[in-house]
Visitor: 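The structure that follows is given in the form of structure tokens.
Chain letters run A, B, ... following the sequence lines, proteins first, then strands; residues in each count from 1. The basis for the numbers below is simple: all heavy atoms, side chains too, and nothing from hydrogens, waters or symmetry mates.
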There are 2 protein chains.
Amino acid sequence: MRRKQEVTIVDVAMAAGLSPSTVSRVLNQKGYYSAENEQKVRHAVESLGYRPSWSARSLKGAPTRVVGLIIPDISNVFYTTLAGALLARMRVLDYDMILCVNDENAQLDLNYLEMLQQKGVDGIFYTHPAHGNNSVHVRRLVAEGLPIVELNRQREKNFLDAVLPDNFRGVHQAVEYLASLGHRRIGFISGSAEITTGHERLLGYQSAVRLLGLDDDPALLKIGAFTRQHGEQATAELLALPNRPTALIAGSNRISMGALMVMGQAAIRIPDDMSVIGYNDTEWLTAWNPPITAVDIAVDEMAQLAVDLLHRRVSGGNGGDGKPVTYHLSTSLIIRQSCRKIG
Amino acid sequence: MRRKQEVTIVDVAMAAGLSPSTVSRVLNQKGYYSAENEQKVRHAVESLGYRPSWSARSLKGAPTRVVGLIIPDISNVFYTTLAGALLARMRVLDYDMILCVNDENAQLDLNYLEMLQQKGVDGIFYTHPAHGNNSVHVRRLVAEGLPIVELNRQREKNFLDAVLPDNFRGVHQAVEYLASLGHRRIGFISGSAEITTGHERLLGYQSAVRLLGLDDDPALLKIGAFTRQHGEQATAELLALPNRPTALIAGSNRISMGALMVMGQAAIRIPDDMSVIGYNDTEWLTAWNPPITAVDIAVDEMAQLAVDLLHRRVSGGNGGDGKPVTYHLSTSLIIRQSCRKIG
DNA sequence: AAGAAATGTGGTTACGTTTTCACATCGCCG
DNA sequence: CGGCGATGTGAAAACGTAACCACATTTCTT
């Protein structure tokens, strides 16, 4: 069953007593046409309810005004807020978005990349899956002229435009803050170090701990997945330590959730028994009792920069052919009531 | 700057020493072709890396294999999980999705509807905005043969296919449960009664209260918006009541968050001082201390039914022309530890 | 005033695909 | 052996649009 275009540019031309060429020019505001004919065309378009066929347009090589967004996980608030911010920014540029969720799966990710190319999107916002590596295919797409902007995670330095949070400084800052409150044993629950987000945050923690001369006990560092489950288990382990840490930093919002739950169950009072800092500020952290201090990633600014980057490439000529640009967005520590002064 | 198709069906035909017609037949598995030529074609496709042009295909009237999803709010977990479930289900049918967020705004909503039609999507999953009404335009799209499935909210009975939660029973059930624990003064914080979700939940509350002969004090009912803010204010008001309720039902996840926050700040112990039931089960409710009992909407099943409905329409003939179907999904009360027995 | 440039218009083609249509060739039956 | 359905193929015509070209007409330059 296929629906046909009920009214075409030819119908409009007939109704206006003009040629399709003129109608096209008016509609695209390209080339010359008289004000009088513009009126005729606009009137005919209005009364016939004409809508240009998108397929025909893009077949002729016009931009599709559609971009792809590939994220690994739609159940993660971070990615949905990022998606929302991108969507809002792209909307004002009159772009629409095909949403793809690769579930951290390289095969699915590849399917999406190919599909997006085939559908002729003008560009892709891309967060690569944690497992597997499609950089060969990504290279091909880029070589064929498809602009891709990496979001949040970076697979390879200076190959694609990228907008990344300053993971290193984010955790560094959190550790500094806790140290300034007198904490010397600070636990850190890290996500996987195989992707930049995990790796850089981990480095930030280690660097800060050494720089400030804090307790460098390896038992305080729990490396695992970016999951609530890991957050739960790692927290339980940290609490079970003979000399447990006085403060704890969670490496992601998922991890924060797990950590907070376990501490609630264990009747650990925050901040009296344990100071806590979350990563990726989310709404429910502010609703928590007490409200949780967190490292905030400026998602709106990430979106703005990513959109700028992609838009520059896609609208071509001017700055479209430059070297890849990487933005590192500074994070900020939002201080609430989950950390206390000690010692 | 426009990118061109680097390898077309003609190139494949040349490479295989055949005509484009034959290649097309092989690729679409339509009409007659020999096994020998099929091999040639497949080989040529492989070695040239040919990908059919989506624009050209859909220009010829082929389904675009893209659907639209219009939701009012991407920062609401309910809609993102719904979107995720739809996405996963559509993926196995080889459909992709354009994500549209109307921000509860009728003008934006209209833009999206028109855009989706123009882009030639095969169907739309639709949650109408709370404010304004585009049903005239929706009617036009439907009349022009575009299948639309309403999600979660329904504007008009039996006009479109719709998949709705059984809001009435959901709240009814929650009230029954609280009554069975001995509660007689139960507060209900309702969202806007101008959309079905709010209206039906409200009716469910009122009906249950009367049926069970509970306290029918109008002060226990707080009607407002589906926002955290309303949840906060309404909860504060309920707590300030001379004889405050012993239990509280929140009309949405946003409202739940506001309610829980205010109660935390007011040092109300759950469930000792107040029993609480949330609406729309979300992950953070399970992480709360104590874990919050909630009315759960079967989002996965909603998605499955919606996909079935849309797929039936879009794949045409068989059941595509029937009367609109409305599914009401039964909700379930997930009992955790936020309600206690009294009296 | 004459040529060049700017303004305006319509016919035609091309984008890449699917779908007729016409034409073969084969096997089979009466 | 004539005919006929089944099988296989390619040439050509769409689908709706924008770009290109050819041609007018006007307006600006020297």
Visitor: Write out all pairs satisfying salt bridge (Lys or Arg N to Asp or Glu O under 4.0 Å) with one or both partners inside residues 45-59 of chain B, taking only residues at least two apart or from two chains.
Guide: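 Non-adjacent pairs meeting salt bridge (Lys or Arg N to Asp or Glu O under 4.0 Å): Glu114(A)-Arg51(B).
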
Visitor: Do Asp308(B) and Gln304(B) pair up side chain to side chain, a donor and an acceptor below 3.5 Å, judged on atom types alone?
Guide: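 The answer is yes; a qualifying pair exists.
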
Visitor: Considering residues at least two apart in sequence or located in another chain, which fulfil the salt bridge (Lys or Arg N to Asp or Glu O under 4.0 Å) criterion with Arg25(B)?
Guide: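 Applying salt bridge (Lys or Arg N to Asp or Glu O under 4.0 Å) to Arg25(B) gives none.
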
Visitor: What pairs of nitrogen or oxygen atoms, one from the protein and one from nucleotides 23-27 of chain D, lie under 3.5 Å apart?
Guide:
none

Visitor: So does Arg91(A) pair up with Asp103(B), basic N to acidic O under 4.0 Å?
Guide: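 Answer for the salt bridge query: yes.
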
Visitor: Who passes salt bridge (Lys or Arg N to Asp or Glu O under 4.0 Å) against Lys40(A), sequence neighbours left out?
Guide: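 Listed in chain order: nothing, the list is empty.
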
Visitor: Applying side-chain hydrogen bond (donor to acceptor under 3.5 Å, both in side chains), can you list everything that pairs with Asn111(A), at least two apart in sequence or on another chain?
Guide: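 With neighbours one apart ignored, the set is Gln107(A).
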
Visitor: Checking Asp109(A) now: which residues fulfil salt bridge (Lys or Arg N to Asp or Glu O under 4.0 Å) with it, not counting sequence neighbours?
Guide: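 Salt bridge (Lys or Arg N to Asp or Glu O under 4.0 Å) check on Asp109(A) returns nothing, list empty.
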
Visitor: Nearest-Å distance, NZ (Lys119(B)) to P (dT17(D))?
Guide: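 Atom-to-atom, Lys119(B) to dT17(D), this comes out as 14 Å.
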
Visitor: Does anything in residues 65-76 of chain A pair up under salt bridge (Lys or Arg N to Asp or Glu O under 4.0 Å), and if so which pairs, sequence neighbours excluded?
Guide: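 Those involving residues 65-76 of chain A are Arg65(A)-Asp94(A), Asp73(A)-Arg254(A).
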
Visitor: With heavy atoms under 4.0 Å as the rule, sort Tyr33(B) into base, sugar-phosphate or nothing.
Guide: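 Sugar-phosphate contact only.
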
Visitor: Looking at Ser58(A), I'd like to know whether one of its side-chain N or O atoms comes within less than 4.0 Å of OP1 or OP2 on dC15(C).
Guide: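 No, no such contact exists.
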
Visitor: Check the distance between dC15(D)'s P and Lys60(B)'s NZ and give it to me in whole angstrom.
Guide: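 These atoms are roughly 7 Å apart.
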
Visitor: Which donor-acceptor pairs under 3.5 Å do side chains of residues 14-21 of chain A form with protein atoms, sequence neighbours excluded?
Guide:
| residue | atom | partner | partner atom | Å |
| --- | --- | --- | --- | --- |
| Ser19(A) | OG | Ser21(A) | N | 3.4 |
| Ser19(A) | OG | Thr22(A) | N | 3.3 |
| Ser19(A) | OG | Thr22(A) | OG1 | 3.3 |

Visitor: Quick one: Ile9(A) CD1 to dT17(D) C1', roughly how many Å, whole number?
Guide: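 About 6 Å, once rounded to whole Å.
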
Visitor: Restricting to side-chain hydrogen bond (donor to acceptor under 3.5 Å, both in side chains), what partner residues turn up for Thr64(A), sequence neighbours left out?
Guide: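 Listed in chain order: Asp122(A).
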
Visitor: Is the phosphate of dT7(C), meaning OP1 or OP2, less than 4.0 Å from a side-chain N or O of Ser34(A)?
Guide: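 Answer is no, no contact under 4.0 Å.
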
Visitor: Give the intermediate values and the outcome of salt bridge (Lys or Arg N to Asp or Glu O under 4.0 Å) for residues Glu104(A) and Arg153(A).
Guide: CA-CA 12 Å; Glu104(A) 306 283 16; Arg153(A) 300 175 184 173; 2.8 Å; yes

Visitor: For the helix from dA1(C)-dT30(D) to dG30(C)-dC1(D), how many degrees between its two end axes (five pairs per end), to the nearest 10°?
Guide: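 The angle, to the nearest 10 degrees, is 40°.
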
Visitor: Between Ser135(B) (side chain only) and Val138(B) (backbone N and O only), is there a donor and an acceptor less than 3.5 Å apart?
Guide: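 Side chain of Ser135(B) to backbone of Val138(B), a donor-acceptor pair under 3.5 Å: no, none is there.
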
Visitor: OH of Tyr32(B) versus C1' of dT18(C): gap in Å, rounded?
Guide: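 Distance check: Tyr32(B) OH to dT18(C) C1' gives 18 Å.
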
Visitor: Mind listing the residues from residues 16-31 of chain A sitting with a heavy atom below 4.0 Å of DNA chain D? Number order is fine.
Guide: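 Those residues whose heavy atoms fall under 4.0 Å from DNA chain D, taken from residues 16-31 of chain A in numerical order, are Ser21(A), Ser24(A), Asn28(A), Lys30(A).
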
Visitor: Can you list, in residue-number order, the parts of residues 35-49 of chain B that come under 4.0 Å of DNA chain D, counting heavy atoms only?
Guide: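 The stretch gives Asn37(B) as the residues lying under 4.0 Å from the strand, ordered by number.
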
Visitor: Between the side chain of Thr326(A) and the main-chain N/O of Ala162(A), is any donor-acceptor distance below 3.5 Å?
Guide: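 A pair under 3.5 Å: no.
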
Visitor: Verify the contact: side-chain N or O of Arg57(A) to OP1 or OP2 of dG16(D), cut-off strictly under 4.0 Å; return yes or no.
Guide: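 No, no such contact exists.
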
